[in-house]
Chemist: 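Below is the structure I would like to discuss, written out as structure tokens.
Only a predicted model underlies this, so the values are computations on that prediction, with no experimental measurement involved.
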Amino acid sequence: TDPEIAARVRLFEFRVPEEFYDLQTDPAALNDLIDDADFEYEIDEMRRVLEDRMRRTNDPLLIPFLDRGEE
């Protein structure tokens with residue numbers, strides 16, 4: 001019955017493939033910045049770091065990660 005808790009539950013029920021938060025200004029991770037052009041460089045850098053780690057560790061989700069967003 002609490003609208004704030006209900007909104008948080010909906011967030012977890014309908015997750016998106018990628019999210020990006022500024023945890024210094026948004027420690028509760030409520031404002032997804034994945035489409036914010038101001039953070040494009042940081043997001044691309046995080047994707048490169050993650051992909052590198054996935055390759056080095058033979059992560060089985062590498063292929064879905066590389067194919068994300070393609071329908």
Chemist: Can R48 and E51 be counted as an ion pair, charged N to O under 4.0 angstrom?
Modeler: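 No, no charged N to carboxylate O under 4.0 Å.
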Chemist: Is the closest side-chain heavy-atom distance between R68 and R47 below 4.5 Å?
Modeler: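 Answer yes - side chains close enough.
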Chemist: Report the distance from atom CD of E40 to atom CG of L33, rounding to the nearest 0.5 Å.
Modeler: 13.0 Å
Chemist: If we only count heavy atoms from C-beta on, is the R8 to D2 side-chain gap below 4.5 Å?
Modeler: no
Chemist: Looking at Y21 and D26, what are the two nearest heavy atoms and their distance?
Modeler: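 Closest approach of Y21 to D26: CD2-OD2, 3.9 Å.
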Chemist: Which distance, rounded to the nearest 0.5 Å, do you find between the CG of D22 and the CZ of F39?
Modeler: 5.0 Å
Chemist: How many angstroms lie between CG in L62 and CZ in R55, if you round to the nearest 0.5 Å?
Modeler: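 Those atoms lie 5.0 Å apart.
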Chemist: Measuring from L50:CG to L61:CG, what's the distance to the nearest 0.5 Å?
Modeler: 10.0 Å
Chemist: Please round to the nearest 0.5 Å and tell me the distance separating atom OG1 of T57 and atom CG of D52.
Modeler: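 If I round to the nearest 0.5 Å, the distance is 9.0 Å.
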Chemist: Looking only at heavy atoms, what is the nearest atom pair of E19 and D32, with distance?
Modeler: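 For E19 and D32, the tightest heavy-atom pair comes out as CA-OD1, 3.5 Å.
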Chemist: Inspect the surroundings of CD in E4 and state if more than 12 heavy atoms from other residues, nucleotides or ligands are less than 6.0 Å away.
Modeler: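 12 or below, so no.
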